[in-house]
Amino acid sequence: GAVVSQHPSWVICKSGTSVKIECRSLDFQATTMFWYRQFPKQSLMLMATSNEGSKATYEQGVEKDKFLINHASLTLSTLTVTSAHPEDSSFYICSATGGAGRRDEQYFGPGTRLTVT
Amino acid sequence: ILNVEQSPQSLHVQEGDSTNFTCSFPSSNFYALHWYRWETAKSPEALFVMTLNGDEKKKGRISATLNTKEGYSYLYIKGSQPEDSATYLCAFSRGRAGSYQLTFGKGTKLSVIP
C-alpha cells in the first residue's frame, strides 16, 4: 500500500515553455502533498507544501508564480514550472501523507528529471 | 537553517560485511527522524521513523538507533548483500502543529560488491 506515482519520469523542454508534472496517490487519499527538488550532489530540498483544496505554502526562495501547485483532489497534485529556464533543470520529486500509516510518514513518487534547453 | 549531515558520503563494502552510517541533526525542537532507502530510478522507501531518545528499530538485517540529546542516529546493516546497494537518506522534522516537513541530508551511497 501507499504507492505514489509521478508523471512524466523525465522531460526535456525548451527555454520559455511550461512543464506540468503530476503526482498521484494510487491507493490512499493524500491530505497533504510535498514537492521537493534536488540539484546534483545536493539534498532533497522542500519547495512547497500543499493541502487538498487550499493554496500551497512555499518555502523561502521558491517563487510561487513560477512554480504553480494545484492540489485539486485527494489523489492528485500538479506542479507546473512556468517559463522554464536552464537553471530550473533539476530532479523534482513529490511525496504524500494521509495513508493508513503514521500521519507524519511521507510516501514518495519516483521523481521527474527536468532538462531545460 | 536546519542542517542534516550524513557520513560517509559513499562507501563500498564486500558482500557479507557489516556497515554503519551516521546522521547528525539539530537537537532542538526535535520531532522525528526518518531513514529512507533510495534505489536508482525508484521511489525512496521508508525504513524507519523514530521519535524517542534511545529508540532502536530493526527491519531484517537493518537497524537504527536514535540519540536526540546529542543529535545523531546510526543506521546499521548486518551482512551486506548486493541488493542493499542504494542511497540511504535521513531526514529530520521539527515539531510544528499540522506540519511534518522533512529536512534531508545528502545521503550515503552504499555499494555492495559481490
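Residue numbers begin at 1 in each chain, while the letters A, B, ... track the order of the sequences.
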For residues A:Phe34 and B:Gln101, report the shortest heavy-atom separation together with the two atoms involved. CE2-CG, 3.9 Å
Which portion of A:Gln38 sits near chain B, non-hydrogen atoms under 4.5 angstrom: side chain
Whether over 12 other heavy atoms sit under 6.0 Å from A:His85 NE2: yes
Under 4.5 Å between side-chain heavy atoms, hopping through other hydrophobics if needed: is there a path connecting A:Val11 to A:Val81? yes
Tell me whether B:Ile62 shares a hydrophobic cluster with B:Met50, the cluster being built from Ile, Leu, Val, Met, Phe, Trp, Tyr side chains joined at under 4.5 Å. yes
Could you tell me whether the side chain of A:Met45 reaches within less than 4.5 Å of the side chain of B:Phe104, counting heavy atoms only? no
OG-CG distance between A:Ser43 and B:Leu102, expressed to the nearest 0.5 angstrom: 11.5 Å
Any idea which heavy atoms bring B:Ala46 and A:Glu105 closest together, and the distance? CB-OE2, 3.7 Å
Here the pair of heavy atoms bringing A:Phe108 nearest to B:Pro44 is CB-CD, 3.4 Å
Would you please test B:Lys106 and A:Lys41 for side chain to side chain contact (heavy atoms under 4.5 Å, CB included) and show each step? CA-CA 7 Å; B:Lys106 292 183 182 180; A:Lys41 299 190 185 299; over 6 Å; no
So which atom in A:Pro110 and which in B:Ser43 form the shortest heavy-atom distance, rounded to 0.1 Å? N-OG, 3.1 Å
Same cluster (ILVMFWY, side-chain, under 4.5 Å), A:Leu68 and A:Met47: no
Side chain, backbone, both or neither: which part of B:Leu89 has an atom under 4.5 Å from a heavy atom of chain A? side chain
Tell me if the CD atom of B:Gln9 is crowded by more than 12 foreign heavy atoms within 6.0 Å. no
Using heavy-atom distances under 4.5 Å, tell me whether A:Leu44 contacts chain B through its side chain, its backbone, both, or neither. both
Could you state whether B:Ile77 and B:Leu11 fall into the same hydrophobic cluster, counting links through intermediate Ile, Leu, Val, Met, Phe, Trp or Tyr residues with side-chain heavy atoms under 4.5 angstrom apart? yes
Grouping I, L, V, M, F, W and Y whenever their side-chain heavy atoms are under 4.5 Å apart, do A:Ile93 and A:Trp35 come out in a common cluster? no
